[in-house]
Asker: 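I'd like to ask some things about the structure below.
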There are 2 protein chains.
Amino acid sequence: MTDGVVERSRPRDRILETARDMFHKHGIKGVGVDAITEAAGTNKMTLYRHFESKDELIVECLRANAAKAGAMWEAFEVEFPGDKLAQLHAWVRKAAAMLNADGRGCDMANAAAELTEPDHPARLVIKELKEAQRHRLVTLCRDAGIGQAELLADTLSLLFEGARVSVQTEGTEGPSTQFVRMAEGLIVSFRGTAAG
Amino acid sequence: MTDGVVERSRPRDRILETARDMFHKHGIKGVGVDAITEAAGTNKMTLYRHFESKDELIVECLRANAAKAGAMWEAFEVEFPGDKLAQLHAWVRKAAAMLNADGRGCDMANAAAELTEPDHPARLVIKELKEAQRHRLVTLCRDAGIGQAELLADTLSLLFEGARVSVQTEGTEGPSTQFVRMAEGLIVSFRGTAAG
DNA sequence: CTAGGGTGTTACCGGTCTGTAACTATACAG
DNA sequence: CTGTATAGTTACAGACCGGTAACACCCTAG
């Protein structure tokens, strides 16, 4: 390791990050590997030396997205150590911020909409990663002392997912404008019925 | 009109219905016009005599979907004439049934995920039709005597939208299993705070 | 019978897609 | 310098895409 530096922006990393961005903006089937490699400042052969197919690149992009989402959760714990309820409210704020970030929905959901083959490799990791996210939110609600933690977590989860879709179809002026109000109201309501 | 019969299954209708089905199952970019016409028992030339482009066919399919959804609303009024609250509960049951129908989400939402060009003709009609659906649900809630009709309608709307996405990513065993419980609970809760 | 509109058939155009082959250039290790 | 691994370049294969041209067919209206 010549000088210990990670040598950031090696071709593989540039391809991965560029692909994530372009898949997010234009959809998976809306972007070709040529466009990705050109935007990443490299070429198609290099892509196929690091990823055995476009499908594998897609999977790696989804995993990278999940890793970034995981970092978000860790940031909540750092910001409000031990205060699970504060972390839950932080999640709501973060979710609301994502709604206004851009008009594109969740990359996993969009990928699931595009990749319809039931045995597509991406479908497995989408399910796996979505279930992990669900488990995280359920755990957070439970640790926050909420009685029906699963029901609250699933409700918040569906609300957020629906809000992202709504932004994509109706824009930011649609039902998603009420997301924070809905979510906060639900948390209050579930706290009221908490067993402690 | 030779004998009054509508002569069902004329090529245009077969193409439209086949395209709706295939777009729903395989996504829009996942189906080519050749596959559509072959499945419809006709050919590409006939398609282009009735639709000036694939994009226009997409738009017509979305409009046809909306028309079918509109018929559903009329069925509610027929089944429970004047009883708006019963119609709202019927909507919840119908929505739940759609969740278990197949693993594919809302065609409008899926189309919005695929067609990312901001000026794509389909985006306009998606927004238009989604806003019409929203208005319908808000009106139904208001006519059912619910105080915060818009908030309830938007919450139910986001829940349903999220549930459809969830089915597409996690399957029917995910958070969507609780949809009816969530929706009925919300209606009860909003009825409790109704002004009358 | 005749004329015409809707339909089917075949072939094609130009473009784009994923994926590969063969070769060259570079950078670094010994 | 030499060997090796990584990366860039060009060209290409084979398939599919949306869309069109030209022509043959058939049913029905008059």
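Note that these values count all heavy atoms, side chains included, but never hydrogens, waters or copies made by symmetry. Labels below follow one simple rule: chain letters A, B, ... track the order of the sequence lines, proteins then strands, and each chain is numbered from 1.
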Asker: CG of B:Asp13 versus C1' of C:dG6: gap in Å, rounded?
Answerer: 14 Å

Asker: When you measure from the side chain of B:Gln178 to the backbone of A:Thr155, do you find a donor-acceptor pair of N or O atoms at a distance under 3.5 Å?
Answerer: no

Asker: Within this structure, what is the OH-to-P distance between A:Tyr48 and D:dT9, rounded to whole angstrom?
Answerer: 18 Å

Asker: How close or far is atom P of C:dT9 from atom CG of B:Asp34, stated in whole angstroms?
Answerer: 13 Å

Asker: Starting at the 5' end of DNA chain C and moving along, which residue's nearest nucleotide shows up first, B:Lys44 or B:Arg14?
Answerer: B:Arg14

Asker: Using a cut-off of strictly less than 4.0 Å, decide whether B:Thr42 has a side-chain nitrogen or oxygen near OP1 or OP2 of C:dT7.
Answerer: no

Asker: Quick one: do the A:Ser157 and A:Asp154 side chains pair a donor with an acceptor below 3.5 Å?
Answerer: no

Asker: Can you tell which of D:dA22, C:dA22, C:dT18 lies closest to the side chain of A:Lys54?
Answerer: C:dT18

Asker: Compare side-chain N and O positions of A:Thr46 against OP1 and OP2 of D:dG8 and report whether any pair is under 4.0 Å apart.
Answerer: yes

Asker: Report the residue (B:Gly32 or A:Arg12) whose heavy-atom-nearest nucleotide on DNA chain D is the more 5′ of the two.
Answerer: A:Arg12

Asker: Check every atom of D:dG8, C:dT7, D:dG19 against the side chain of B:Pro11 and return the nucleotide holding the closest atom.
Answerer: C:dT7

Asker: Whole Å only: how far is the CZ atom of B:Arg10 from the P atom of D:dT28?
Answerer: 13 Å

Asker: By nearest atom, which of the nucleotides C:dA22, C:dG19, D:dC23 is closest to the B:Arg49 side chain?
Answerer: D:dC23

Asker: Would you mind reading off the distance between B:Leu47 atom CG and C:dT7 atom P, rounded to a whole angstrom?
Answerer: 12 Å

Asker: When A:His120 is tested against each of A:Val125, A:Asp55, A:Ile126 for side-chain contact (heavy atoms from CB on, under 4.5 Å), which residue passes?
Answerer: A:Asp55

Asker: Below 4.0 angstrom from OP1 or OP2 of D:dT6, is there any side-chain N or O of A:His50?
Answerer: no

Asker: Measure from the side-chain heavy atoms of A:Val33 and tell me the nearest of C:dT9, D:dA7, C:dT18.
Answerer: C:dT18

Asker: Rounded to the nearest 0.5 Å, how far does CZ of B:Arg10 lie from CG of B:Leu16?
Answerer: 13.0 Å

Asker: Whole-Å distance between D:dC12 C1' and A:Met45 CE?
Answerer: 13 Å

Asker: Using atom CG of B:Asn43 as one end and atom P of D:dA21 as the other, report the distance to the nearest whole Å.
Answerer: 16 Å

Asker: Step by step, work out the salt bridge (Lys or Arg N to Asp or Glu O under 4.0 Å) result for B:Arg134 and B:Glu150.
Answerer: CA-CA 9 Å; B:Arg134 180 193 185 190; B:Glu150 287 186 17; 5.5 Å; no

Asker: In whole Å, I'd like the distance from the CD1 atom of A:Ile28 to the C1' atom of C:dT16.
Answerer: 18 Å

